[in-house]
Amino acid sequence: MNEIVETNDIPNPNRLVVGQTIVIPIAGQFYEVRAGDTLASIAGRFNMSAAELARINRIQPPDAVLPVGILLYIPPRPKRTIETNAYIEPRGNRVSPALQQAAREASPYLTYLGAFSFQAKRDGTLQEPPLTGLKQIADRQNVTLMMIVTNLENEAFSDELGRIILTDENIKNKLLNEIVAAARKYGFRDIHFDFEYLRPEDREAYNQFLREARDRFRREGWLISTALAPKTSATQAGQWYEAHDYRAHGQIVDFVVLMTYEWGYSGGPPMAVSPIGPVRDVIEYALTEMPANKIVMGQNLYGYDWTLPYRPGGPLARAISPQQAITIASENQASILFDDEAQAPYFRYTDKAGKQHEVWFEDARSIQAKFDLIKELNLRGISYWKLGLSFPQNWLLLADQFNVVKETFPS
């Protein structure tokens, strides 16, 4: 029992919740047969033959009809190699001890650690985030430190700031010089641009900026990457989308991070933060514009607790970690349900003030669905927003199913 509790970091071992998912630390896994499954379809899912699956599970004859609900044992399979990133967002003038500890715990599972963020200024200078201890933490586990540059201004993405730094040659050159100086100073080896809500007319200016940045960084031996809004077509309308040119980014940079989360968001109605269907739609569109080995899927490490009834413009949902979600369910004697379409867990409860709530979060089942998508579509890897929200099952399953790249080089 202790091994199960420690492996999952179970917050409520003496008061488990109906529907709570627990990962059992065994070699291999069990698969629950669903309606329509056959030995061949299950075997194909795990890259093995139907004959091998039948032999391991002592199924005779091999073409027998499988009862729905029966558990089949799947032995350990060869691990895929992927790259992983986690963003970290310090506040104030230093990285808090809690965030440093989160980075320390995650770093064995990371290729990149992304410091969010260096904010570009209208004069081409940079406002630096606190970086207390991050270089030392990254170096201990051979993690590439990622320098994230944004067009954030007054805590919001600014299209006017974007226009200035992309179209004013003097400002642009100064900014690139500042980036190079900061990257040399702190030891960054990937420069990651997260320019959001740019004006549609600045789309090609952004592409040209990235070409010039890439050429500068190549001389230093650095990688270049970008964050892209979750589009499903080249003509998708909306300020978040139009200046992000998937095809151009795929040609220019080493890799992109698709921001495949925030369908359920703090100001919107209750729903899964990263439902599997919309996530797949974005990635499948991206695959028409760039190769799979340049695509990193974005993944949230958090959920939201909405107060009901939801009203547009009403109180914002509260961000919570998966561990907090389980604790809330336990304290309020709520059963956790699972939405098969979204591939995400959720529950409802009534607080002490009599107000109803709806909570959507992540668990081992929802993250497994994303890992399966990475394997199926042969993606470069996964990127987490953001450290500081406890989700031990994610790292447990990640280590079980993937080898994480530790040395990266420009393509």
Side-chain angles (χ1 to χ4, degrees), residues 45 80 82-85 87 112 114 148 150-151 157 159 162 192-211 214 223-265 268 271-300 339-344 360 362 366-385 402 411:
R45 181 173 184 163
R80 259 211 58 204
I82 63 169
E83 293 185 5
T84 62
N85 170 57
Y87 296 107
Y112 308 95
I148 301 170
T150 64
N151 61 321
F157 289 98
D159 60 351
H192 182 77
F193 291 101
D194 183 9
F195 286 179
E196 300 185 33
Y197 292 96
L198 299 173
R199 294 170 185 171
E201 56 266 30
D202 291 328
R203 173 184 174 118
E204 185 48 42
Y206 187 24
N207 293 343
Q208 183 56 31
F209 172 85
L210 292 173
R211 293 185 188 101
R214 175 199 59 198
L223 295 145
I224 179 173
S225 58
T226 56
L228 289 176
K231 296 172 65 168
T232 54
S233 76
T235 58
Q236 188 161 339
Q239 192 176 0
W240 196 25
Y241 308 103
E242 292 180 51
H244 282 184
D245 184 336
Y246 272 43
R247 178 160 297 183
H249 285 237
Q251 293 168 348
I252 298 166
V253 305
D254 292 291
F255 65 90
V256 304
V257 172
L258 303 181
M259 292 183 276
T260 40
Y261 40 79
E262 288 288 285
W263 278 270
Y265 65 102
M271 65 177 293
V273 177
S274 53
I276 193 69
V279 170
R280 175 185 284 275
D281 291 343
V282 171
I283 296 171
E284 289 185 341
Y285 161 64
L287 287 167
T288 68
E289 302 283 18
M290 66 185 79
N293 65 6
K294 287 202 173 186
I295 297 173
V296 175
M297 181 184 72
Q299 174 62 41
N300 50 296
D339 187 297
D340 286 321
E341 182 177 358
Q343 287 288 292
W360 288 80
E362 301 295 321
S366 64
I367 199 65
Q368 184 62 59
K370 307 299 174 44
F371 289 166
D372 288 345
L373 199 56
I374 290 171
K375 296 171 190 173
E376 176 192 344
L377 301 179
N378 203 28
L379 304 183
R380 184 184 186 107
I382 190 167
S383 175
Y384 296 102
W385 178 266
F402 298 103
S411 57

In terms of heavy-atom contacts, Q299 and I382 come closest through CB-CD1, 3.7 Å

Min side-chain heavy-atom separation P230-W263 under 4.5 Å: yes

Keeping the roles fixed (side chain from E83, backbone from R380), state whether a donor-acceptor pair exists under 3.5 Å. no

Can you spot which of Q368, K370, E362 makes a side-chain hydrogen bond (donor to acceptor under 3.5 Å, both in side chains) with S366? E362

Looking at CD1 of I252 and CG of L210, how far apart are the two atoms once the value is rounded to the nearest 0.5 Å? 5.5 Å

Show your reasoning for whether salt bridge (charged side-chain N to carboxylate O under 4.0 Å, His left out) applies to R280 and E376. CA-CA 11 Å; R280 175 185 284 275; E376 176 192 344; 2.7 Å; yes

Going by atom types alone, do N300 and S274 pair a side-chain donor with an acceptor below 3.5 Å? yes

Short side-chain to backbone donor-acceptor contact, Y206 and L198, under 3.5 Å: no

Parallel, tilted or perpendicular, judged at 30° and 60°: which one describes the rings of F402 and F371? perpendicular

Sub-3.5 Å donor-acceptor pair from the side chain of N151 to the main-chain atoms of E196, do we have one? yes

Note: T288 and R247 closest approach over all heavy atoms is O-NH2, 3.5 Å

Would D372 and R45 count as a side chain to side chain contact (heavy atoms under 4.5 Å, CB included) here? Give the steps. CA-CA 9 Å; D372 288 345; R45 181 173 184 163; 3.7 Å; yes

Does the side chain to side chain contact (heavy atoms under 4.5 Å, CB included) test come out yes or no for V282 and Y246, once each step is laid out? CA-CA 11 Å; V282 171; Y246 272 43; 3.9 Å; yes

Nearest heavy-atom pair of G298 and T260: which atoms, and what distance? O-OG1, 2.8 Å

Taking D254 for its side chain and I224 for its backbone only, find out whether a donor-acceptor pair lies under 3.5 Å. yes

Sub-6.0 Å ring centroid separation between F209 and F195: yes

Using a strict cut-off of less than 4.0 Å between a Lys/Arg side-chain nitrogen and an Asp/Glu carboxylate oxygen, indicate whether R211 and E204 qualify as a salt bridge. yes

Do V253 and K294 pass the side chain to side chain contact (heavy atoms under 4.5 Å, CB included) test, and can you show the C-alpha distance, the side-chain angles, and the key distance before you say yes or no? CA-CA 8 Å; V253 305; K294 287 202 173 186; 5.7 Å; no

Please walk me through it: do M259 and W240 pass side chain to side chain contact (heavy atoms under 4.5 Å, CB included)? CA-CA 11 Å; M259 292 183 276; W240 196 25; 4.0 Å; yes

Taking atom CZ of F193 and atom NE2 of H249, what is their separation to the nearest 0.5 Å? 10.5 Å

Backbone N/O of S233 and side chain of Y241: donor-acceptor pair under 3.5 Å: no

Closest heavy-atom pair and its distance - G381, I82: CA-CB, 4.0 Å

Compare every heavy atom of L287 with every heavy atom of I295, then report the nearest pair and how far apart it is. CD1-CD2, 3.6 Å

With rounding to the nearest 0.5 angstrom, report the CG to CE distance, L228 to M290. 6.0 Å

What I'd like to find out is whether the side chain of F157 reaches to under 4.5 Å of the side chain of D194, using heavy atoms alone. yes

How close do L373 and M297 get, counting heavy atoms only, and between which atoms? CD2-SD, 4.4 Å

Nearest-0.5 Å distance, NE2 of residue H244 to CD of residue Q236: 12.0 Å

